[in-house]
Amino acid sequence: MMKEEQDELMEEVLAIVEEHLDQSVEPDTLFESVCDELDVIELIMAMEEEFDIEIYEDEEDLVKTPRDLMRIVSSKLDDEM
């Protein structure tokens, strides 16, 4: 995925995260500092629905920040091409 595409994807992921958490976050904001584990699971489910992908349980453990979510989504989208 090109840098420009990654930047756009990061914006989309941040928008979904901010809407779900009802607060502003940065790409490297630690989820543990702004929400609980259930919120993270719901965010993962929202990404799966929005981007029509499946994030596996072992990948869920890697999600600590919005940037982590973007990387996983990006990887899944690249795999589909």
Does [X] have any side-chain contact (heavy atoms from CB on, under 4.5 Å) partners at least two apart in sequence or in another chain, and if so, which?
| X | value |
| --- | --- |
| Ser24 | Glu18 |
| Glu54 | Glu48, Tyr56 |
| Asp22 | none |

Return the [atom1] to [atom2] distance between [X] and [Y], rounded to the nearest 0.5 Å.
| X | Y | atom1 | atom2 | value |
| --- | --- | --- | --- | --- |
| Glu60 | Asp68 | CD | CG | 13.0 Å |
| Asp7 | Glu11 | CG | CD | 7.0 Å |
| Arg71 | Leu9 | CZ | CG | 12.0 Å |
| Asp61 | Lys64 | CG | NZ | 6.5 Å |
| Gln6 | Asp78 | CD | CG | 8.0 Å |
| Glu12 | Leu69 | CD | CG | 13.0 Å |

Answer whether the closest heavy-atom distance between the side chains of Lys76 and Met47 falls below 4.5 Å.
-> no
Minimum side-chain heavy-atom gap Ser74-Met10 below 4.5 Å = no
Minimum heavy-atom separation for Thr29 to Ser33, with atom names?
-> CG2-OG, 4.1 Å
Identify the two heavy atoms, one from Val25 and one from Pro66, that lie closest to each other, and give their separation to 0.1 Å.
-> CG2-CG, 4.1 Å
Cluster link Met45 to Leu14, ILVMFWY, side chain under 4.5 Å | no
Verify same cluster id: Val34, Leu43 (apolar side-chain graph, 4.5 Å) | yes
Does the pair Val63 and Phe31 meet the rule for a side chain to side chain contact (heavy atoms under 4.5 Å, CB included), with working shown?
-> CA-CA 8 Å; Val63 176; Phe31 285 130; 3.7 Å; yes
Heavy atoms from other residues, nucleotides or ligands near CG of Asp52 exceed 12 (cutoff 6.0 Å) = no
Hey, is CD on Glu32 packed in by over 12 heavy atoms from elsewhere, all under 6.0 Å?
-> no
